[in-house]
Student: 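Have a look at this one before I ask anything.
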Amino acid sequence: MSLSTADEDPAPEIHLPADIDWKMLDKSKFFFLGAALFSGVSAVLYPVVVLKTRQQISQTQLSSFKTAFSIVRYEGFRGLYRGFGTSLTGTIPARALYMTALEITKSNVGTVTVKLGFPEPTATAIANAAAGLSAAMAAQLVWTPIDVVSQRLMVQGSSNHLKNPNFSSCKYRGGIDAFQKILRADGIRGLYRGFGMSILTYAPSNAVWWASYSVSQRLVWGGFGCYLCKKDCSDKENNNNSRSFSPDSKTVMAVQGLSAAMAGGFSALITMPLDTIKTRLQVLDGENKGGKRPPTIRETVRNLVKEGGWAACYRGLGPRWASMSFSATTMITTYELLKRLSAKNHESLT
């Protein structure tokens with residue numbers, strides 16, 4: 001793949017490494033290494049997810065620092081990892097579904113869009129958006145029940161139920177106990193509470209993210225090309241007529257990470273209200289006791305607005321922005337590394 005930085009002038013050409021598609025991967029290595037690598041990433045990012053969830057269910061606006069301090073003070077550092085075992089258990093099959101749907105869709109849609117005559121940048125953005133959409137929908141089949149259970153455990157702190165009267169008073173001894181109690185109280189529907197909102201949150205978020213990532217990468221490489229163009233003009237004065245540039249693996253990884261962070265921040269901002277509503281649906285009024293009906297989406301939005309206006313829909317934006325940006329950066333660099341390590345002709349790519 002090559003990327004020209006200007007249409008009319010012969011600016012230096014940037015030769016990027018070839019993309020690795022689904023057919024080029026050793027599937028067993030891909031899933032085994034993927035489970036190990038992404039488990040590590042999940043462990044690093046989990047405390048930020050806990051902070052975001054606690055802020056979203058709180059009836060008062062608290063800073064991330066105060067929320068973290070309160071958790072550590074009353075619950076110890078273990079409080080930052082409540083529900084992590086359950087989350088990790090679900091991450092492996094969910095990631096496997098996600099990566100499979102992502103690569104298959106991206107490969108097939110990319111081929112079709114090119115055949116239809118779309119320009120290469122447009123075809124790439126469309127393929128990435130479609131891949132992100134299908135991957136998110138596939139993963140939610142596994143992830144929603146895990147999300148419900150892990151979030152119930154996340155907010156089971158020493159004082160969270162006092163800050164919100166709608167918070168379930170039921171205590172869980174762990175992931176299995178929570179799973180059984182939710183199933184006993186609400187049936188399968190209880191484990192899939194917020195499934196529709198999860199699809200509405202993560203499917204557009206992933207589509208926006210992957211499309212934004214494609215555009216961001218092109219913009220970053222374009223800026224890099226402008227820098228090379230200026231450098232090239234200087235080199236001409238020294239009789240250096242080199243017209244192409246092949247970035248090393250570290251440069252490629254840095255550009256991918258920066259592009260992922262840009263796309264993650266944009267996606268977090270766009271989809272934050274949906275994520276807040278989803279979290280509340282999954283966590284508050286958790287037990288269907290005495291025939292009490294779980295809150296609807298409309299009631300959840302109304303309660304949020306009563307608590308703090310429309311700004312309440314953006315509670316936890318800081319942690320979610322940081323989480324999605326950092327997660328996107330680590331995810332994409334890990335993912336690209338994973339694909340290179342799993343390629344059938346790995347030796348020729350390193």
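Counting from 1, the numbers follow the sequence of the chain as shown. Side chains are part of it too, since the values below use all heavy atoms of this structure and drop only hydrogens, waters and symmetry mates.
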Student: When you measure from the side chain of Thr276 to the backbone of Met272, do you find a donor-acceptor pair of N or O atoms at a distance under 3.5 Å?
Tutor: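 Side chain of Thr276 to backbone of Met272: a pair is present.
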Student: Would you indicate whether the side-chain heavy atoms of Met262 and Val220 approach each other to under 4.5 Å?
Tutor: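 Val220 vs Met262: side chains touch.
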Student: Kindly indicate, with the supporting measurements, whether the criterion side chain to side chain contact (heavy atoms under 4.5 Å, CB included) is fulfilled by Arg298 and Arg302.
Tutor: CA-CA 6 Å; Arg298 179 179 293 182; Arg302 188 186 303 129; 3.7 Å; yes
Student: Starting from Phe195, can I reach Leu191 by hopping between I/L/V/M/F/W/Y residues whose side chains sit under 4.5 Å apart?
Tutor: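 Yes.
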Student: Please tell me whether Phe69 and Val49 are part of a single hydrophobic cluster in this structure, the criterion being side-chain heavy atoms less than 4.5 Å apart.
Tutor: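 Unlinked, Phe69 and Val49 end up in two clusters.
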Student: In sequence, state the C-alpha distance, the side-chain angles, and the governing distance for Asn206 and Tyr98, and then conclude on side chain to side chain contact (heavy atoms under 4.5 Å, CB included).
Tutor: CA-CA 11 Å; Asn206 270 264; Tyr98 184 94; 2.4 Å; yes
Student: Step through the shown structure and confirm whether more than 12 heavy atoms of other residues, nucleotides or ligands are within 6.0 Å of CZ on Phe84.
Tutor: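 Yes.
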Student: Can a donor-acceptor pair be found, under 3.5 Å and without considering hydrogens, that links the side chain of Arg152 to the backbone of Ala178?
Tutor: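 No, Arg152 side chain to Ala178 backbone: no donor-acceptor pair under 3.5 Å.
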Student: Between Glu336 and Met253, is the side chain to side chain contact (heavy atoms under 4.5 Å, CB included) condition met? List the steps.
Tutor: CA-CA 8 Å; Glu336 294 293 345; Met253 186 175 293; over 6 Å; no
Student: Counting C-beta onward and ignoring hydrogens, is there a side-chain heavy-atom pair between Val50 and Arg82 closer than 4.5 Å?
Tutor: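 When only atoms from C-beta onward are counted, Arg82 and Val50 do not touch, as no gap falls below 4.5 Å.
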Student: Within the structure provided, determine whether Ile71 and Leu51 are in side-chain contact (heavy-atom separation under 4.5 Å).
Tutor: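 With C-beta onward as the side chain, the pair touches.
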Student: Quick one: OG1 on Thr333 to CG on Leu338, what's the gap to the nearest 0.5 Å?
Tutor: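 The distance works out to 11.0 Å.
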Student: So does Gly110 get a backbone contact from the side chain of Thr113, meaning a donor-acceptor N/O pair under 3.5 Å?
Tutor: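 Pair found, side chain donor or acceptor close to backbone of Gly110.
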Student: If you look at every heavy atom in Gly132 and Leu102, which pair is closest and at what distance?
Tutor: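 Of all heavy-atom pairs spanning Gly132 and Leu102, the closest is N-CD1, 4.0 Å.
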Student: Nearest 0.5 Å, please: how far is CG in Leu258 from OG in Ser325?
Tutor: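 If we round to the nearest 0.5 Å, Ser325:OG and Leu258:CG are 10.5 Å apart.
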Student: Could you go step by step and tell me if Glu103 and Ser107 meet the side chain to side chain donor-acceptor pair (under 3.5 Å) rule?
Tutor: CA-CA 6 Å; Glu103 288 300 324; Ser107 178; over 6 Å; no
Student: Give the cluster check for Tyr335 versus Leu341: same hydrophobic cluster or not, with ILVMFWY residues linked at side-chain heavy-atom distances below 4.5 Å.
Tutor: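 Same cluster.
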Student: Which atom pair, heavy atoms only, marks the closest approach of Phe179 to Val149?
Tutor: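 Between these two residues, the closest heavy atoms are CA-CG2, 4.2 Å.
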Student: Shared ILVMFWY cluster between Ile332 and Leu33, side chains joined below 4.5 angstrom?
Tutor: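 Yes; Leu33 is reachable from Ile332 via cluster members.
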Student: Can you give me the closest heavy-atom contact between Ile146 and Gly90, atom names plus distance?
Tutor: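 So the two residues come closest at CG1-CA, 3.6 Å.
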Student: Does Phe30 have more than 12 heavy atoms from other residues, nucleotides or ligands lying within 6.0 Å of its CZ?
Tutor: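 Correct, the count exceeds 12.
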Student: Using 0.5 Å steps for rounding, measure from the CG atom of Leu304 to the CZ atom of Arg315.
Tutor: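 The CZ atom of Arg315 is 7.0 Å from CG of Leu304, to the nearest 0.5 Å.
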Student: At their closest point, which heavy atom of Ala328 faces which heavy atom of Gly264, and how far apart are they?
Tutor: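 Result for this residue pair: CB-CA, 4.3 Å.
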Student: When you measure from the side chain of Ser267 to the backbone of Ala263, do you find a donor-acceptor pair of N or O atoms at a distance under 3.5 Å?
Tutor: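 No, because the side chain of Ser267 does not come within donor-acceptor range (under 3.5 Å) of the backbone of Ala263.
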Student: If I take atom CD from residue Gln140 and atom CG from residue Leu97, how far apart are they, to the nearest 0.5 angstrom?
Tutor: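 With rounding to 0.5 Å, CD (Gln140) is 11.0 Å from CG (Leu97).
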Student: Under the 3.5 angstrom rule, does the side chain of Ser70 hit a backbone N or O of Thr67 as a donor-acceptor pair?
Tutor: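 No, because the side chain of Ser70 does not come within donor-acceptor range (under 3.5 Å) of the backbone of Thr67.
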Student: Is there a donor-acceptor contact under 3.5 Å from the side chain of Ser134 to the main chain of Ala131?
Tutor: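 Side chain of Ser134 to backbone of Ala131: a pair is present.
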Student: Which value, rounded to the nearest 0.5 Å, describes the distance between Leu37 atom CG and Leu337 atom CG?
Tutor: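 Output value for this atom pair is 6.5 Å.
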Student: For Ile176, is the CD1 atom crowded, meaning more than 12 foreign heavy atoms sit under 6.0 Å from it?
Tutor: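 It does not: Ile176 CD1 has 12 such atoms or fewer within range.
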Student: Kindly determine whether Leu80 and Glu75 satisfy side chain to side chain contact (heavy atoms under 4.5 Å, CB included), including the steps that lead there.
Tutor: CA-CA 8 Å; Leu80 295 172; Glu75 305 167 50; over 6 Å; no
Student: Closer than 4.0 angstrom, basic N to acidic O: yes or no for Glu299 and Arg280?
Tutor: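 Salt bridge: no.
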Student: When you measure from the side chain of Thr329 to the backbone N and O of Gly257, does any donor-acceptor pair fall under 3.5 Å?
Tutor: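 Checking the backbone N and O of Gly257 against the side chain of Thr329, a donor-acceptor pair under 3.5 Å is found.
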Student: So, do Val44 and Thr330 sit near enough that their side-chain heavy atoms are less than 4.5 Å apart?
Tutor: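 Result no, sub-4.5 Å side-chain heavy-atom pair not found.
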Student: Of all heavy-atom pairs between Met137 and Ile199, which one has the smallest distance, and what is that distance?
Tutor: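 Nearest heavy atoms, Met137 then Ile199: CA-CD1, 4.0 Å.
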Student: Okay, side chain of Ser212, backbone of Val208: is any donor-acceptor separation there less than 3.5 Å?
Tutor: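 Side chain of Ser212 to backbone of Val208: a pair is present.
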Student: Please answer whether the main-chain N or O of Ala43 pairs with a side-chain N or O of Tyr81 as donor and acceptor at a distance below 3.5 Å.
Tutor: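 Yes, because the side chain of Tyr81 sits within donor-acceptor range (under 3.5 Å) of the backbone of Ala43.
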Student: Roughly how far, to the nearest 0.5 Å, is the CZ atom of Arg95 from the CH2 atom of Trp143?
Tutor: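 If I round to the nearest 0.5 Å, the distance is 8.0 Å.
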Student: Ring-plane angle category for Trp210 and Tyr213, please: parallel below 30°, perpendicular beyond 60°, tilted otherwise.
Tutor: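 Ring orientation, 0 to 90° scale: perpendicular.
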Student: I want to check something: taking the side chain as every heavy atom from C-beta on, are Lys278 and Asp147 in contact at a cut-off of under 4.5 Å?
Tutor: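 Lys278 reaches Asp147 side chain to side chain.
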Student: Is Ile188 reachable from Val142 through a run of I, L, V, M, F, W or Y residues, each pair having side-chain heavy atoms under 4.5 Å apart?
Tutor: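 In one cluster with Val142: Ile188, no.
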Student: Using modelled atom types and a 3.5 Å cut-off, is there a donor and acceptor pairing between side-chain atoms of Tyr46 and backbone atoms of Val41?
Tutor: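 Flag not set: sc Tyr46 to bb Val41 has no pair under 3.5 Å.
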Student: Carefully, step by step, assess Ser150 and Thr86 under the rule side chain to side chain donor-acceptor pair (under 3.5 Å).
Tutor: CA-CA 6 Å; Ser150 63; Thr86 301; over 6 Å; no
